[in-house]
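In what follows, every heavy atom counts, from backbone to side chain, and hydrogens, waters and symmetry copies are set aside.
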Amino acid sequence: MDIRTQATEMDSMVAQGAIVDAVEKYFAQNANTSDYNNVTTAGKAQMVEKMKGFLDAIAKVNGIELHRTLVDGNVSASEFTFDFLMKDDSKVYWHEVIRRIWNDQGQVIHEEYFNA
């Protein structure tokens with residue numbers, strides 16, 4: 001499986017705002033995630049629910065910018081800037097690196113977020 005193609009396609013979906021669709025398409029059933037605030041998910045279903053809840057809280061997407069995607073073996077790192085206005089009038093502005101570990105079937109088995 002070509003991880004570079006998988007990572008590029010997934011990042012393109014995320015950059016277009018199709019974050020839930022990207023998780024549903026590319027995450028393995030047993031995938032887990034962790035972020036810099038020690039929030040974790042265990043399993044694809046939990047990540048889908050987390051992303052649906054987050055997206056439902058967004059009032060306006062000011063921008064999602066993919067800066068670059070790097071791939072080394074079965075690991076990819078993608079740098080994004082996310083800019084959202086939330087329904088509670090708060091603002092979310094994240095510049096982060098998303099590191100993914102992929103399995104032999106081209107599915108994400110671990111995703112971790114780093115504040116850039």
Handout entry: side-chain hydrogen bond (donor to acceptor under 3.5 Å, both in side chains) between Ser12 and Gln16, intermediate numbers included
Key = CA-CA 6 Å; Ser12 177; Gln16 294 173 31; 3.1 Å; yes
Practice task
Identify, with sequence neighbours excluded, every residue that meets side-chain contact (heavy atoms from CB on, under 4.5 Å) alongside Lys25.
Solution key: Met13
Fill in the blank from the handout: side-chain contact (heavy atoms from CB on, under 4.5 Å) filter on Ala116, not counting sequence neighbours, yields His95, Val97
Handout entry: Check: Trp94 ring centroid to Phe54 ring centroid under 6.0 Å
Key = yes
Does the side chain of [Y] come within less than 4.5 Å of [X]'s, by heavy atoms?
{"X": "Val14", "Y": "Leu66", "value": "no"}
{"X": "Asn103", "Y": "Asn74", "value": "no"}
{"X": "Phe80", "Y": "Ile64", "value": "yes"}
{"X": "Phe27", "Y": "Gln107", "value": "no"}
{"X": "Leu55", "Y": "Ile19", "value": "yes"}
{"X": "Tyr93", "Y": "Phe84", "value": "no"}
{"X": "Phe114", "Y": "Ile98", "value": "no"}

Handout entry: Pair listing, side chain to side chain donor-acceptor pair (under 3.5 Å) test, anchored in residues 38-53, at least two apart
Key = Thr33-Thr41
Going from [atom1] on [X] to [atom2] on [Y], what distance comes out if it is rounded to the nearest 0.5 angstrom?
{"X": "Ser76", "Y": "Arg4", "atom1": "OG", "atom2": "CZ", "value": "9.5 Å"}
{"X": "Met10", "Y": "Arg100", "atom1": "CE", "atom2": "CZ", "value": "4.0 Å"}
{"X": "Glu111", "Y": "Trp102", "atom1": "CD", "atom2": "CH2", "value": "8.5 Å"}

Problem - Donor-acceptor under 3.5 Å (Glu112 side chain, Ser34 main chain) - result: no
Exercise for the section: Look only at the side chain of Asp35 and the backbone of Tyr113, and say whether a donor-acceptor pair between them is shorter than 3.5 Å. Expected result: no
Practice task
Indicate the atoms forming the closest heavy-atom contact of Asp56 with Lys87, along with that distance.
Solution key: O-NZ, 2.6 Å
Practice task
Can you see which heavy atom on Ala7 is nearest to which on Val71, and at what distance?
Solution key: CB-CG2, 4.3 Å
Problem - Within 6.0 angstrom of Asp104 CG, more than 12 heavy atoms from elsewhere - result: no
Practice task
Decide if atom CG of Asp2 counts as having more than 12 heavy atoms of other residues, nucleotides or ligands within a radius under 6.0 Å.
Solution key: yes
Give the cluster check for [X] versus [Y]: same hydrophobic cluster or not, with ILVMFWY residues linked at side-chain heavy-atom distances below 4.5 Å.
{"X": "Ile3", "Y": "Leu70", "value": "no"}
{"X": "Val92", "Y": "Leu85", "value": "no"}
{"X": "Val20", "Y": "Ile58", "value": "yes"}

Handout entry: Asp83/Lys60 ion pair, N-O < 4.0 Å
Key = no
Problem - From CA spacing to verdict: side-chain hydrogen bond (donor to acceptor under 3.5 Å, both in side chains), Tyr36, Glu96 - result: CA-CA 10 Å; Tyr36 41 86; Glu96 66 184 15; 3.3 Å; yes
